[in-house]
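This report refers to the structure that appears directly beneath it.
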Amino acid sequence: MNNLTLRTITGIAFVLVIVASLMLKPLLFGAVFLTVMLFSLDEFYNISMGDEYPAQRRLALLTSTVFFITVYSHVRYGISISWLCLSFLLLLTIGISFIFLTREERVNLEKLPLVYTGLAYIALPIGLSPFLVYRCGYFDGKLLLAFFVLIWISDIGAYCLGSIFGQKENSRKLAPSISPKKSWVGFWSGILFSIIASVVLYYTGLLPFKLVQCVSLAIIISVSGVCGDLFESVWKRHYGVKDSGNCIPGHGGMLDRFDSSFFAVPVACIYLTLTGQF
């Protein structure tokens, strides 16, 4: 099986899993997105910290798990949001654990803030995602699915037209020192494809907003998704890593597949909140 075939098969399977988790059962959503969060967080720590500080990393994974389960249980079962105090207590426990490091372990002490960076970058947006799929007291993943569709279509448009028209000698590159293959042609193509997708989503009812707001949302998601992609590229380039992992054959790691989402989804939610849509 060649690489293109493998990428196609696993890519379709990946999309089907995400769609199923957002359209079928709440428990499936919880299981899939908790898995995505833990794999992405572990890959982030592997890139940034290697094998160092395993205890602090395990505490971070536990903290993110408790955070996600608490938010999920709050929106689905109505448990008190005050149970989030357990997550904050675990955050303090991570800090307290620094006290017990040996002198040898404190040599690379500057890496320890990366534990909190991973939680803010990955665990926070995924941990809050249950609020997006539980609206008005019932499970409805259509809005989050629409966000992902806009991200995917933007990526497809950027890749297709960027590969055809953006790789010529005179083509201007978007960020050559970070991602040499990304071009301005691909950037604008991604926005165009995302806008077209937003119009389709508007008429199919997946985006329950006015058309102008749907178009604005598409632009915001496309641009912030590119920023998320470039952020991960900067991170991997700094540590000399090509892929964040290998859990998705032909596509790399979980972090590689969700890097755009970690920026695009929170920014989209902020936009909808500021415009009074939430």
Side-chain angles (χ1 to χ4, degrees), residues 14 17-18 20-22 24-101 111-135 139 141 144-145 147-148 228 231-232 235 244-248 252-266 269:
F14 168 79
V17 169
I18 298 300
S21 71
L22 293 172
L24 297 180
K25 297 291 185 180
L27 280 177
L28 180 60
F29 160 79
V32 169
F33 277 75
L34 178 60
T35 301
V36 168
M37 181 181 67
L38 294 178
F39 269 84
S40 298
L41 199 55
D42 187 57
E43 289 171 1
F44 177 84
Y45 290 145
N46 285 334
I47 293 171
S48 308
M49 306 171 70
D51 295 328
E52 297 183 273
Y53 306 114
Q56 287 71 29
R57 291 168 54 177
R58 292 191 191 99
L59 280 171
L61 293 173
L62 177 61
T63 300
S64 61
T65 301
V66 171
F67 180 71
F68 181 89
I69 291 176
T70 302
V71 173
Y72 177 87
S73 300
H74 170 69
V75 298
R76 186 177 184 194
Y77 302 111
I79 73 164
S80 174
I81 198 66
S82 62
W83 284 99
L84 280 178
C85 292
L86 290 175
S87 300
F88 300 139
L89 182 61
L90 287 168
L91 279 176
L92 294 176
T93 304
I94 295 173
I96 293 171
S97 71
F98 295 170
I99 301 172
F100 300 98
L101 295 173
K111 289 189 175 183
L112 285 175
L114 294 172
V115 175
Y116 290 107
T117 301
L119 291 173
Y121 171 43
I122 297 169
L124 184 60
I126 295 186
L128 293 175
S129 63
F131 284 115
L132 272 175
V133 299
Y134 267 94
R135 307 179 68 200
F139 179 73
L144 186 53
L145 177 59
F147 288 173
F148 281 122
F231 175 80
E232 196 217 4
W235 205 266
S244 65
N246 55 11
C247 64
I248 306 178
M254 197 70 72
L255 189 56
D256 293 323
R257 299 280 60 81
F258 282 88
D259 52 359
S260 300
S261 306
F262 294 142
F263 275 42
V265 173
C269 291

Check: [Y] main-chain N/O paired with [X] side-chain donor or acceptor under 3.5 Å:
| X | Y | result |
| --- | --- | --- |
| E43 | L255 | yes |
| H74 | S80 | no |
| D42 | F39 | no |

Apply the test side chain to side chain contact (heavy atoms under 4.5 Å, CB included) to residues R257 and V36: give CA-CA distance (whole Å), side-chain angles for both, the deciding distance (0.1 Å), then the verdict. CA-CA 10 Å; R257 299 280 60 81; V36 168; over 6 Å; no
Would you say the side chains of Y72 and R76 form a donor-acceptor pair under 3.5 Å?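 The criterion, which ignores hydrogens and geometry beyond distance, is satisfied for R76 and Y72.
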Any luck finding a side-chain donor-acceptor pair between W235 and S244 under 3.5 Å?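 The criterion, which ignores hydrogens and geometry beyond distance, is not satisfied for S244 and W235.
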Closest heavy-atom pair and its distance - [X], [Y]:
| X | Y | result |
| --- | --- | --- |
| S48 | L114 | CB-CD1, 3.6 Å |
| R57 | E52 | CD-O, 3.4 Å |
| F33 | S129 | CD2-OG, 4.3 Å |
| P125 | A120 | CD-O, 3.5 Å |
| V133 | G141 | CG1-CA, 4.0 Å |
| G127 | F68 | CA-CD1, 3.8 Å |

Between [X] and [Y], is any pair of side-chain heavy atoms under 4.5 Å apart?
| X | Y | value |
| --- | --- | --- |
| F98 | L112 | yes |
| L132 | C269 | yes |
| V66 | W83 | no |
| F67 | L91 | no |
| L62 | T93 | no |
| L86 | T70 | no |
| L22 | F147 | no |
| S97 | L59 | yes |

Quick check for you: to the nearest 0.5 Å, what is the distance between [X] atom [atom1] and [Y] atom [atom2]?
| X | Y | atom1 | atom2 | result |
| --- | --- | --- | --- | --- |
| T63 | I94 | OG1 | CD1 | 4.0 Å |
| M254 | L41 | CE | CG | 12.5 Å |
| L124 | M37 | CG | CE | 10.5 Å |
| L84 | L89 | CG | CG | 12.5 Å |
| L34 | S21 | CG | OG | 12.0 Å |
| S87 | L92 | OG | CG | 11.0 Å |

Results of ring pair (Phe, Tyr, Trp, His ring centres under 6.0 Å) for [X] - residues two or more places apart only:
| X | answer |
| --- | --- |
| Y116 | none |
| F263 | F231 |
| F262 | Y121 |

Show, in sequence, the C-alpha distance, side-chain angles and deciding distance for F29 and Y134, and conclude whether the ring pair (Phe, Tyr, Trp, His ring centres under 6.0 Å) test is met. CA-CA 11 Å; F29 160 79; Y134 267 94; 7.7 Å; no
Go through the steps to decide whether F44 and T117 satisfy the test side chain to side chain contact (heavy atoms under 4.5 Å, CB included), and finish with yes or no. CA-CA 9 Å; F44 177 84; T117 301; 3.9 Å; yes
